[in-house]
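Scroll down for the structure; my scribbles are underneath it.
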Amino acid sequence: NPIFWSVKRTSRGKLDLLDFIARANDFGLRSILVEGGSTLATSFLKAGLVDKFVAVTAPLVLGNGVAGIGDLDVKSVANAIRFDEAYDFSSGPDRVFIGYPRRGRK
């Protein structure tokens, strides 16, 4: 049976991610897979709510293609999201990167 939660919205009309996380926690969820597209993934990254980051790249060139992550408001490399622990491996012809973001951006 489906479960529905009423999640607050921010003053800008977007879902309040902290309220969503609180409701998930109250429900007993301890892990959430976020794979909804660049807007949702970017929102979770900007809010510092990502504990594990997984990116899969394929040997394809799309040009502009479809963004996997949107604008993180990073103006210099010094402010980029960094990882305390990270590794990558091959999976068939693809490459998989797994990293654990540092808290804060330094």
Side-chain angles (χ1 to χ4, degrees):
N1 292 335
I3 298 168
F4 297 94
W5 298 328
S6 178
V7 178
K8 295 177 186 175
R9 293 198 174 264
T10 67
S11 60
R12 300 174 82 185
K14 296 189 176 194
L15 291 180
D16 183 325
L17 297 180
L18 293 178
D19 185 53
F20 170 74
I21 295 295
R23 291 181 186 282
N25 187 54
D26 291 345
F27 193 72
L29 297 178
R30 300 295 177 257
S31 181
I32 298 170
L33 171 66
V34 177
E35 193 228 357
S38 67
T39 301
L40 185 61
T42 302
S43 296
F44 271 84
L45 282 166
K46 285 174 118 175
L49 296 173
V50 175
D51 294 322
K52 181 179 182 180
F53 180 84
V54 179
V56 180
T57 57
L60 303 168
V61 177
L62 298 175
N64 287 340
V66 177
I69 302 293
D71 185 5
L72 293 172
D73 296 326
V74 174
K75 304 300 181 210
S76 71
V77 173
N79 293 326
I81 294 174
R82 300 199 183 273
F83 299 90
D84 284 328
E85 180 184 337
Y87 57 95
D88 67 310
F89 57 91
S90 293
S91 178
D94 300 337
R95 295 292 299 165
V96 179
F97 169 85
I98 299 176
Y100 299 87
R102 287 184 189 162
R103 292 292 167 222
R105 288 197 172 178
K106 295 184 178 189

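Everything numeric in this text was worked out from a predicted model, so none of it was measured.
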Which class fits the ring pair Phe20 and Trp5: parallel under 30°, tilted 30 to 60°, perpendicular over 60°? tilted
Is there side-chain contact between Ile21 and Ile32, with heavy atoms separated by less than 4.5 Å? yes
Quick one: pull up CG in Asp88 and CD1 in Ile98 and give me the separation to the nearest 0.5 Å. 9.5 Å
Is there side-chain contact between Arg82 and Pro101, with at least one heavy-atom pair below 4.5 Å? no
Over all heavy atoms of both residues, which pair between Pro93 and Pro59 is shortest? Give the atoms and the distance, please. O-CD, 3.4 Å
CZ on Phe4 to CG on Asn1, rounded to 0.5 Å: 10.0 Å
If two hydrophobic side chains count as joined below 4.5 Å and joins carry through other members, does Leu18 share a cluster with Phe27? yes
Please test Val56 against Arg95 for side-chain contact (heavy atoms from CB on, under 4.5 Å), starting from the C-alpha separation and ending with a verdict. CA-CA 6 Å; Val56 180; Arg95 295 292 299 165; over 6 Å; no
From CD1 (Ile69) to CG (Leu45), nearest 0.5 Å: 5.0 Å
Under the rule for ring-ring contact (aromatic ring centres under 6.0 Å, His included), what residues qualify as partners of Tyr100, not counting sequence neighbours? none
Pairs satisfying side-chain hydrogen bond (donor to acceptor under 3.5 Å, both in side chains), at least one member in residues 10-31, at least two apart: Asp19-Arg23, Asn25-Arg30
Hey, does Leu17 have a side-chain heavy atom less than 4.5 Å from the side chain of Ser43? yes
Atom pair CZ (Phe97) and CZ (Phe89), whose distance is rounded to the nearest 0.5 Å: 11.5 Å
Once the angle between the rings of Phe53 and Phe83 is folded into 0 to 90°, is it parallel (under 30°), tilted (30 to 60°) or perpendicular (over 60°)? tilted
Following the transitive rule for hydrophobic clusters with a side-chain heavy-atom cut-off under 4.5 Å over Ile, Leu, Val, Met, Phe, Trp and Tyr, establish whether Leu29 and Phe44 coincide in one cluster. yes
Which pairs count as salt bridge (Lys or Arg N to Asp or Glu O under 4.0 Å) when at least one residue sits in residues 49-64, sequence neighbours excluded? Asp51-Arg103
Do the side chains of Val54 and Val96 get nearer than 4.5 Å, heavy atoms only? yes
Search all heavy atoms of Ala41 against all heavy atoms of Gly68 and return the closest pair with its distance. CB-O, 4.3 Å
How close do Ala67 and Ser38 get, counting heavy atoms only, and between which atoms? O-CB, 3.2 Å
Value rounded to 0.5 Å, distance of CG in Asn79 from CG in Asp73: 10.5 Å
